[in-house]
Protein chains: 2
Amino acid sequence: MAATIRDVALKAGVSISTVSRVLNDTCPVADDKRVRVESAAKELGYTPNPVARSLLSSETGGIGIILPFVSGEFFSEFLNGVDQAAQEQDFFLLISTSHHSSEDLKKAMASMYRRVDGLLVMAPHMTTQAVEALAPDGLPFVFVNTEVVSDDAFGVTFDNYGGMYAMTAHLVSKGHRRIAFITGTENAYDARERLRGHLQALKDNGIAPLDELIFKGNYDQRAGFEACNRVLRLEDRPTAVMASNDDSAIGVLSALRQAGLTIPDDMAVTGFDDVQSAQFATPPLSSVHVPVRQLGTAAIDLLVSRLNDVQRAPQMRTLPVELRIRGSSK
Amino acid sequence: MAATIRDVALKAGVSISTVSRVLNDTCPVADDKRVRVESAAKELGYTPNPVARSLLSSETGGIGIILPFVSGEFFSEFLNGVDQAAQEQDFFLLISTSHHSSEDLKKAMASMYRRVDGLLVMAPHMTTQAVEALAPDGLPFVFVNTEVVSDDAFGVTFDNYGGMYAMTAHLVSKGHRRIAFITGTENAYDARERLRGHLQALKDNGIAPLDELIFKGNYDQRAGFEACNRVLRLEDRPTAVMASNDDSAIGVLSALRQAGLTIPDDMAVTGFDDVQSAQFATPPLSSVHVPVRQLGTAAIDLLVSRLNDVQRAPQMRTLPVELRIRGSSK
DNA sequence: AAAAATCCTGAAAAGGTTTTCAGATATTAC
DNA sequence: GTAATATCTGAAAACCTTTTCAGGATTTTT
């Protein structure tokens, strides 16, 4: 059995209060007792039981992360940022993924209740309000990449709309007029925003958006591949395909190459996210660079600052994105 | 403040013991009290405090996952499997990544002590014994993809050696004699095993391994790209490049294409892992399929069975891999 | 030298649950 | 009708800390 504070007290010949005081350095203690306690603790290999601690303080030192799913490079990179920031701030991380229905989400949040001090939630299929309604109360939130409807939410997101707007404008400036667009996951906030940016850019450039040029996707490579094959069956073939993320775009590249088309001459292609694969695609993929890792660190930092200061004013932060034009759309 | 068991007892007009008995269905309770307790609990929205529970039982319902780093599709997929299995078994997940030094690892394990019931450790740079030596005792382990030295370890791995052996044999059977090999992360268990499989297959086919054909990599795309450029500077150019994983192989494809070579005619290329990107590379990448998701579920299942049965005999499980030959090496 | 202040220390309560123990009530057996 | 059993219930201990409270010892002030 692991040593308890009582064992240390016994060995050092002092009361448990004194042990606690020495270990937490919370009150002055006579030097001789201090050293006796310290050596006793060391000899016994004593570590305070975090469970007992948090029963008393009702703080846990943990942060929960709730994600809709994890796939591809985007999430690895995001988790990287989250974990780094959490370690720096001395929080441990609980993680739970694959929440699509609000039932799932509710269950996940309930299972984290009192095991964490706060929650990082990515719920692209819901609004911040809807999520908060499901949560056990008193649990502070920070939202990532989630639609905000109230004005008192904490969150970090990035400029989905502006990024796709800029990329569309780029293609138009290269002379493209007939542009196919492959959407992301249906009903997802970021996917909607990206589509909205695209459509607005078309309009602002005097191009009428056409339904027949919008193709359903779901952010993965296979979906991009299949959607692109549908694009190629159009009578009047577009000169460019915009995918809603890099994974889809890689599927698009694959389909185009199989069809014997050259990129970007026969067809320009663009992605979104700028994961590492975009740079090493053939040809290198034009994409919208998203600071994914920073998205993770910023979210943790915001949550921690909220935990440390209950008065902290709500903040919605939108990280800027950046066009990275490469060979696939030159 | 959230309701406690005392509030429920008060409201139902019974003792807290009775409430506990009703909620855990642990002893017979008179029907009238039972319904009173149930409705009181419901009205107050009572949920037992898991902290208080685990202080008493010293069980947490949690599993810790310790990873060296997370990057690329491999880890997303692995986490997917882990999370799914954990949810099915009603465990929550603590995660901690980026542990390279044993100091890091020790700290991570210490911070999980008593917050989890068991640990899933992926430590390709260490042996199972070395990890166990750093751990607070009494914490059950399951190792993933880690070198085993003792015969009482629990773990799941996959056939790194055999996969690369088979892939090398495949290339030899296609007539390749001069094959460049790009290694994975230095000193990592899986990287060493893959190299070993490659070298053994060469020997078994009467080909002498050459040092000049082994190039240092680290599993990422850029490393593959750069290593491939070094390959291309060889006077006597190889006819094939084997990368230690798919990410590196994608970097290789990119470098070869930039150099104007056609694949597989000028140069065959192979990967390892068979992540989704392998299928959608151009040309589609020959790879060794690893059941990554299953790796995650198998590890959790093994750990849970160990937690449920202290007598459980140690088990090292090696999942089979499978050659997937595609256009890059035909 | 007495009073006041300072410093250190231990006992005990608190946090929320589960479980043991023993008591009370109701039921069965003779 | 009494004794023995079965059934249900509550009080209290236990899990391991931190923190409050009050007491004792020492030092400082007058």
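Quick note on labels: first sequence line is chain A, next is B, and so on, each numbered from 1. Both backbone and side-chain heavy atoms feed into the values below; hydrogens, waters and symmetry mates do not.
- Panel note: side chain Arg115(A), backbone Ser111(A); a donor-acceptor pair is recorded below 3.5 Å.
- Nearest-nucleotide mapping onto DNA chain D: of Ser17(A) and Ser17(B), the residue sitting toward the 5' end is Ser17(B).
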Going through the distances and angles, do Asp31(A) and Arg36(A) end up as a salt bridge (charged side-chain N to carboxylate O under 4.0 Å, His left out)? CA-CA 9 Å; Asp31(A) 278 347; Arg36(A) 285 218 308 278; over 6 Å; no
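- Here side-chain hydrogen bond (donor to acceptor under 3.5 Å, both in side chains) pairs that include residues 96-110 of chain B, with residues two or more places apart or in two chains, are Asp83(A)-Thr97(B), Ser96(B)-His99(B).
- Listed by residue number, Ala52(A), Leu55(A), Leu56(A) are the residues of residues 48-61 of chain A with a heavy-atom contact under 4.0 Å to DNA chain C.
- Remark: P of dT9(D) and CG of Asp32(B) are 7 Å apart, rounded to the nearest angstrom.
- Counting non-hydrogen atoms under 4.0 angstrom, Ser20(A) reaches a base of the nucleic acid.
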Report the C-alpha distance between Asp190(B) and Asn145(B) in whole Å, list the side-chain angles of each, state the deciding distance to 0.1 Å, and finish with yes or no for side chain to side chain donor-acceptor pair (under 3.5 Å). CA-CA 7 Å; Asp190(B) 47 6; Asn145(B) 201 30; 2.9 Å; yes
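- A sub-4.0 Å separation between OP1 or OP2 of dC8(D) and a side-chain N or O of Lys33(B) is absent.
- Between Arg192(B) and Glu147(B), at least one side-chain N (NZ, or NE/NH1/NH2) sits under 4.0 Å from a carboxylate O, which counts as a salt bridge.
- If you find the closest nucleotide of DNA chain D to Arg114(B) and to Ala30(B), the one lying nearer the 5' end belongs to Ala30(B).
- Remark: C1' of dA11(C) and CZ of Arg21(A) are 10 Å apart, rounded to the nearest angstrom.
- Side-chain nitrogen and oxygen atoms of Thr18(A) include at least one within less than 4.0 Å of the OP1 or OP2 phosphate oxygen of dG10(C).
- Asp25(A) places its CG atom 13 Å from the P atom of dT19(D), with the value rounded to the nearest Å.
- Taking the centre of each ring, Tyr219(A) and Phe74(A) stay at or above the 6.0 Å mark.
- Judged by distance alone with a 3.5 Å cut-off, no donor-acceptor contact links the side chain of Arg6(B) to the base of dG15(C).
- At whole-Å resolution of the value, CD1 in Ile16(A) and C1' in dT19(D) are 11 Å apart.
- Rounded to whole Å, atom C1' of dT17(C) lies 11 Å from atom CG of Leu23(B).
- Nucleotide dT19(C) holds its C1' atom 12 Å from the CD1 atom of Ile5(B), rounded to whole Å.
- A salt bridge is absent between Asp301(A) and Arg306(A): the closest approach of a Lys/Arg side-chain nitrogen to an acidic carboxylate oxygen does not fall below 4.0 angstrom.
- Protein atom OH of Tyr46(B) is 7 Å distant from nucleotide atom C1' of dG16(C), rounded to whole Å.
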